[in-house]
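Before any comments, here is the structure.
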Amino acid sequence: MFHKKLLFILVVLFFFKATAQNFELGKVSVAELEEKVHPIDSSAAGAILCKKGKTFFVYNIKNGFTVNQEYTYRIKIYKKEGLSRANFKVDYNTGNEDRYIESVKFSNAVTYNLENGTIVKTKLDNEGSFKENVNEYWNQAIITMPNVKVGSVIEFRYILKSENIVKLPVFNFQYNIPVNHCEYRTEIPVYLIYKPIQMGYVKINIAEKMVSGSQNFTDKHNQNARFDYKQINSIYTAENVPASKEEDYIDNLKNYTSSIHTELERTRFPESPIKDYSKTWEGVARTIYENENFGKELSEKLYLIQDLKIILKDAVSAEDKLEIIFKFVKNKMNWNNEYGYYTDKGVKKAYSERTGNVAEINFILIAMLKLAGINTSPVLISTVDHGVSVFPSRTVFNYVIAAAEIDGKQILLDATHKYTTQNILPLNALNRTGRLIKQDGSSQEIDLVPTSPASLNYALMTKLDGSGQITGKLRVLRTTYEAYRFREKNTVINTEVYLEKLENDLNGIQIKDYVIENKEADLLKPVIETFTFTSANYCERIGDKMFINPLLFFTLNKNPFVQEKRQMPVYFGYPKQEKYNINLEIPEGYAVESIPTAVRIATADKVVLFAINSQIEGNKIQIVATQEINATILPADDYDDLREFFQIIIGKQNEKIVLKKL
């Protein structure tokens with residue numbers, strides 16, 4: 001499995017004397033300023049010449065250990081597209097509502113330029129450093145470096161101080177520009193046991209050793225005090241890190257970008273019991289449930305009883321109750337686009353105001369289902385844009401849904417989106433696995449990947465005239481995730497605007513008599529579109545012959561996989577089956593000279609299949625084509641086969657129907 005290639009727990013290897021690049025702030029060279037292009041990646045708009053990070057802890061009698069994260073950067077600008085590197089932002093917590101307090105301070109911020117062979121320094125002034133409020137919990141510290149132009153080198157340092165020792169900031173080794181040298185040091189007292197996780201493909205050199213450490217602090221009597229302990233010093237280094245590149249068919253680039261993620265696993269202070277933070281899923285579940293914005297809010301039910309009696313007055317079966325409750329919560333509640341698995345204003349207030357975050361809306365759904373006698377539990381999820389969650393951890397999650405159970409069958413539900421149905425979740429929630437958790441600390445992994453393919457069926461009845469114009473009627477049927485995706489994308493769009501776009505997408509056909517069924521009325525049924533059309537773009541006349549694309553405007557002309565090599569897995573989102581059933585009536589005075597030969601091909605593991613068949617009945621030709629993708633994600637090792645497979649598909653789809661005039 002590619003998980004094993006991407007993620008592994010770092011272990012103590014051996015300690016070696018680091019041969020880090022000799023880097024000091026303020027020591028920018030003429031050679032660095034004269035450099036016109038990156039020596040390895042000539043396309044790079046900029047490069048991080050050196051990045052260094054250091055994590056260390058400070059002790060005080062009030063808060064215990066707090067963490068300091070110190071970073072230094074030296075960045076080169078090669079092209080105007082790289083000028084955005086002059087702006088740098090750091091998120092930090094405001095400390096509101098009893099959250100941990102953080103602070104950020106920039107220093108040594110200088111822009112270097114070469115003017116007439118002389119290095120000119122421009123220091124950051126107060127106007128270039130400011131702070132912005134993101135929301136009630138987060139602020140941003142921002143610097144805008146002065147006098148930055150193509151050829152500049154910029155340097156700066158900042159330190160992030162935080163009371164949050166549970167989840168350390170992610171240390172990135174890779175960016176969308178190359179990194180010449182990257183180095184990360186940690187100095188961690190043995191009382192704090194962290195779990196570092198490496199992601200990505202870049203080789204990172206690792207060394208660790210045990211050393212002596214000490215802290216001076218002011219004790220409760222306001223006297224100077226000191227204590228000694230052991231600490232683990234680690235260093236992670238990487239050289240000549242290539243830029244990460246966006247690719248088509250990828251879930252989240254961050255999943256494959258090289259970085260170190262570090263989370264507190266447990267504490268073991270002298271004369272105190274060991275405290276488990278995230279070593280096991282049971283520990284994760286208990287910790288989450290103990291938070292009053294989770295467990296306490298889930299137990300709130302009395303505010304729902306009156307409405308529940310009204311909506312369930314005629315319901316008998318558990319299946320009916322579930323569907324009624326699910327529809328009710330979706331219709332009543334409005335999502336405020338806030339993620340998270342903790343409530344914000346609380347479920348009762350959210351219910352009365354008819355709006356809430358993910359946790360509030362789905363906690364209301366869970367509570368209602370439980371009151372109706374349906375066994376329902378919360379399922380924690382990391383959304384696609386948040387990244388994968390593989391190891392036991394609280395902070396990897398940012399979303400929560402409901403899992404109901406009826407007659408031993410599990411049904412996944414999310415009431416935040418208006419067009420979800422039973423076991424049809426928002427596309428951003430389809431991120432491999434989630435974690436069902438219970439109050440007693442037990443938990444189980446939940447597979448979020450759909451097993452049944454979504455269907456996209458096209459039925460065309462068409463007629464070709466002697467001039468090469470095709471007229472016909474098209475019926476499109478979409479099920480499950482294809483229906484959901486269509487509704488999410490097109491329900492709010494004006495029909496006239498939608499049809500104009502559809503005509504353009506189908507290479508300029510003219511559409512009339514458009515009808516759509518189940519767009520919003522019955523979400524459990526397929527979305528069905530029908531319309532008539534005309535087009536002169538899919539038949540070519542040469543002499544006394546006509547050449548017609550067998551799949552008309554659905555013909556694949558370009559391979560979706562154009563890269564020669566690929567490092568990242570290929571992500572499809574969900575299994576999918578496309579079927580095309582095309583009936584073409586040929587014009588009078590013409591006969592069929594040739595039609596595409598039948599073929600059925602599949603990859604070795606049958607993850608991707610393609611079949612096309614054609615037959616002639618009188619003056620009509622029937623083309624039936626099927627394409628299946630039976631996986632959500634394929635390893636990069638299969639990319640070459642996939643690319644070649646689609647090239648074969650393109651060739652088959654572009655074999656012409658040939659008609660000859662009698």
**OP:** Please work out which of the three classes, parallel, tilted or perpendicular, describes the rings of Phe227 and Tyr191, given edges at 30° and 60°.
**Re:** tilted
Original post:
Tyr194 and Leu168: which non-hydrogen atoms are nearest, and at how many Å?
Top reply: CE2-CG, 3.9 Å
**OP:** Under the salt bridge (Lys or Arg N to Asp or Glu O under 4.0 Å) rule, collect the residues that match up with Arg85, sequence neighbours excluded.
**Re:** none
Original post:
Where the side chain of Ser129 meets the backbone of Ile143, is there a donor-acceptor pair that is under 3.5 Å apart?
Top reply: no
**OP:** Determine whether the side chains of Thr118 and Asn116 contain a donor N or O and an acceptor N or O closer than 3.5 Å.
**Re:** no
Original post:
Where do Asn252 and Ile250 land on the side chain to side chain contact (heavy atoms under 4.5 Å, CB included) test, with the steps shown first?
Top reply: CA-CA 6 Å; Asn252 187 340; Ile250 186 173; over 6 Å; no
Original post:
Side-chain donor-acceptor pair under 3.5 Å between Glu187 and Asn233, yes or no?
Top reply: no
**OP:** Report the relative orientation of the aromatic rings in Tyr59 and Phe217; use parallel for angles under 30°, tilted for 30 to 60°, perpendicular for over 60°.
**Re:** perpendicular
Original post:
Looking only at heavy atoms, what is the nearest atom pair of Leu264 and Ile193, with distance?
Top reply: CD1-O, 3.5 Å
Subject >> Separation of Leu49 CG from His181 NE2 (nearest 0.5 Å) >> reply: 11.5 Å
**OP:** Flag the pair Arg566 and Glu247 as a salt bridge only when some basic side-chain nitrogen lies within less than 4.0 angstrom of an acidic carboxylate oxygen.
**Re:** yes
Subject >> Sequence-distant partners of Lys161, side chain to side chain contact (heavy atoms under 4.5 Å, CB included), two or more places apart >> reply: Asn68, Ser103, Ile159
Original post:
How many angstroms lie between atom OG of Ser258 and atom OH of Tyr236, to the nearest 0.5 angstrom?
Top reply: 14.0 Å
Original post:
What's the shortest heavy-atom distance between Ile177 and Gly46, and which atoms?
Top reply: CB-O, 3.2 Å
Original post:
How far does CG of Asn431 sit from CG of Leu448, to the nearest 0.5 angstrom?
Top reply: 7.5 Å
**OP:** Would you kindly say whether His386 and Asn428 are connected by a side-chain donor-acceptor distance under 3.5 Å?
**Re:** no
**OP:** Indicate yes or no for a side-chain donor-acceptor contact from Lys203 to the backbone of Glu239 under 3.5 Å, with no hydrogens or angles considered.
**Re:** no
Subject >> Exam field: side chain Thr186 to backbone Ile188, donor-acceptor pair closer than 3.5 Å >> reply: no
Original post:
Is the closest side-chain donor-acceptor distance between Asp251 and Tyr256 under 3.5 Å?
Top reply: yes
Subject >> Salt bridge present between Lys54 and Glu183 (N-O < 4.0 angstrom) >> reply: no
**OP:** Tell me yes or no: between the side chains of Lys51 and Tyr175, is some donor less than 3.5 Å from an acceptor?
**Re:** yes
Subject >> Interatomic distance, Leu25 atom CG to Asn108 atom CG [nearest 0.5 angstrom] >> reply: 5.0 Å
**OP:** Measure from the side-chain N and O atoms of Gln231 to the backbone N and O of Pro189, and report whether any donor-acceptor pair falls under 3.5 Å.
**Re:** no
**OP:** Search all heavy atoms of Arg643 against all heavy atoms of Gln563 and return the closest pair with its distance.
**Re:** NE-O, 3.1 Å
**OP:** Write out all pairs satisfying side chain to side chain donor-acceptor pair (under 3.5 Å) with one or both partners inside residues 215-225, taking only residues at least two apart or from two chains.
**Re:** Gln215-Tyr229
Subject >> Distance-only polar pair, side chains of Thr55 and Gln69, donor-acceptor under 3.5 Å >> reply: yes
Original post:
Between Asp91 and Lys89, is the closest basic N to carboxylate O distance under 4.0 Å?
Top reply: no
Original post:
Between Asn133 and Asn139, does any side-chain donor sit less than 3.5 Å from a side-chain acceptor?
Top reply: yes
**OP:** With the side chain counted from C-beta on, respond yes when Leu83 and Ile77 share a heavy-atom pair under 4.5 Å apart, and no when they do not.
**Re:** yes
Subject >> Output field: ring centroids Tyr571/Tyr249 closer than 6.0 Å >> reply: no
Original post:
Do Asn147 and Thr111 have a side chain donor and acceptor closer than 3.5 Å?
Top reply: no
Subject >> Test item: Glu35 side-chain N/O and Glu32 main-chain N/O as donor-acceptor pair under 3.5 Å >> reply: no
Original post:
CD of Glu292: more than 12 outside heavy atoms within 6.0 angstrom?
Top reply: no
Original post:
For Ser234 and Glu208, does a side-chain donor sit closer than 3.5 Å to a side-chain acceptor?
Top reply: yes
Original post:
How far apart are the closest heavy atoms of Ala86 and Val148, and which atoms are they?
Top reply: CB-CG2, 3.7 Å
Original post:
Is the closest side-chain donor-acceptor distance between Thr416 and Tyr399 under 3.5 Å?
Top reply: yes
Subject >> Any donor-acceptor N or O pair under 3.5 Å, side chains Asn398, Thr383 >> reply: yes
Original post:
Which residues satisfy the side chain to side chain contact (heavy atoms under 4.5 Å, CB included) test with Val134, sequence neighbours excluded?
Top reply: Trp138, Gln140
Original post:
Are Arg435 and Ser443 close enough that a side-chain donor and a side-chain acceptor fall under 3.5 Å?
Top reply: yes
Original post:
Could Lys195 and Glu263 be called an ion pair, given the rule that one side-chain N must be under 4.0 Å from one carboxylate O?
Top reply: no
Subject >> Exam field: side chain Lys76 to backbone Ile48, donor-acceptor pair closer than 3.5 Å >> reply: no
Original post:
Between Glu338 (side chain) and Asn357 (backbone), is there a donor-acceptor pair under 3.5 Å?
Top reply: no
Subject >> Pairwise ring pair (Phe, Tyr, Trp, His ring centres under 6.0 Å) hits with a residue in residues 101-132, at least two apart >> reply: Phe106-Tyr158
Original post:
Between Tyr71 and Phe156, does the ring centre distance come in under 6.0 Å?
Top reply: no
Original post:
How far apart are the closest heavy atoms of Glu360 and Asp344, and which atoms are they?
Top reply: OE2-N, 2.8 Å
Subject >> Donor-acceptor contact below 3.5 Å, side chain Asn559 vs main chain Val562 >> reply: no
Subject >> Separation between CZ of Arg286 and CH2 of Trp281, rounded to the nearest 0.5 Å >> reply: 13.5 Å
**OP:** Report yes if the side chains of Leu634 and Val607 come closer than 4.5 Å at any heavy-atom pair, otherwise no.
**Re:** yes
Subject >> Distance, nearest 0.5 Å, that separates OG1 of Thr343 from CZ of Phe294 >> reply: 10.0 Å
Original post:
In chain order, what residues pass the salt bridge (Lys or Arg N to Asp or Glu O under 4.0 Å) check against Lys149, with sequence neighbours excluded?
Top reply: none
Subject >> Main-chain N/O of Val449 paired to Asp447 side chain as donor or acceptor, under 3.5 Å >> reply: yes
